[in-house]
Amino acid sequence: MKVVGWEGITGVIFWCITLCILQFIPCDSPICSNGVIEDSRFAFEQLGGSGELIVYVLANVVLVGAMNGLGMAVTKYATAANRVTLQQTK
């Protein structure tokens, strides 16, 4: 489970740094919001305005964590090849 924890920590650090950089890169494309590639403030405003979206995001966090934990258990009690095979079937 330590591996899953470190995977999460490094992911959070990577995306925090990446999101900070993307806040300041200008973008004129119609898919960009407020003239930048990433506008986290706007994203949190949208998230706060929808109870269904909050439930979906929290469920996604729990399910991804469970999937990683179960993947580690498969690797511990079976083989890494079994884990890869199971992950490809999802």
Side-chain angles (χ1 to χ4, degrees):
M1 293 306 277
K2 229 183 230 187
V3 173
V4 174
W6 280 110
E7 181 182 8
I9 290 170
T10 56
V12 167
I13 291 169
F14 172 79
W15 283 111
C16 284
I17 292 169
T18 302
L19 285 175
C20 288
I21 293 168
L22 294 178
Q23 300 287 322
F24 300 104
I25 298 176
C27 179
D28 295 330
S29 174
I31 63 168
C32 298
S33 59
N34 299 328
V36 290
I37 292 177
E38 175 61 36
D39 188 1
S40 294
R41 184 177 53 87
F42 181 61
F44 282 113
E45 287 173 4
Q46 289 181 319
L47 186 62
S50 172
E52 292 177 9
L53 189 56
I54 291 172
V55 170
Y56 174 75
V57 168
L58 292 175
N60 190 34
V61 168
V62 169
L63 291 173
V64 168
M67 185 179 62
N68 282 338
L70 292 172
M72 292 303 297
V74 168
T75 303
K76 181 178 180 180
Y77 295 111
T79 65
N82 292 89
R83 179 180 181 181
V84 170
T85 303
L86 290 171
Q87 282 185 335
Q88 293 304 316
T89 60
K90 62 180 176 177

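Rounded to the nearest 0.5 Å, atoms CD1 (Ile37) and CD1 (Ile31) are 9.0 Å apart. Taking CG of Leu63 as the reference point, atom CG of Leu58 lies at 11.0 Å (rounded to 0.5 Å). Here CD1 of Ile21 is found 12.5 Å from CD of Glu38. Values are rounded to the nearest 0.5 Å.
Using a 4.5 Å cut-off on side-chain heavy atoms (C-beta onward), Val64 and Asn60 make contact.
Met67 and Val62 fall into different hydrophobic clusters, where Ile, Leu, Val, Met, Phe, Trp and Tyr residues are linked whenever their side-chain heavy atoms come under 4.5 Å apart, directly or through other members. When hydrophobic clusters are built by joining Ile, Leu, Val, Met, Phe, Trp and Tyr residues whose side-chain heavy atoms come closer than 4.5 Å, directly or via intermediates, Phe44 is grouped together with Val57.
Counting all heavy atoms, side chain and backbone alike, Thr10 lies closest to Glu7 at OG1-O, 3.0 Å. Closest non-hydrogen pair, Gln23 versus Asp39, comes out as OE1-CA, 3.9 Å. Minimum interatomic distance between Phe24 and Pro26 (heavy atoms only, all atoms of both residues): O-CD, 3.3 Å.
Partners of Cys27 according to the disulfide bond (SG atoms under 2.5 Å apart) rule, which considers only residues two or more places apart in sequence or in another chain, are Cys32.
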Donor-acceptor pairs under 3.5 Å, side chain of residues 47-56 to any protein atom, not counting sequence neighbours: which ones?
| residue | atom | partner | partner atom | Å |
| --- | --- | --- | --- | --- |
| Ser50 | OG | Leu53 | N | 3.2 |

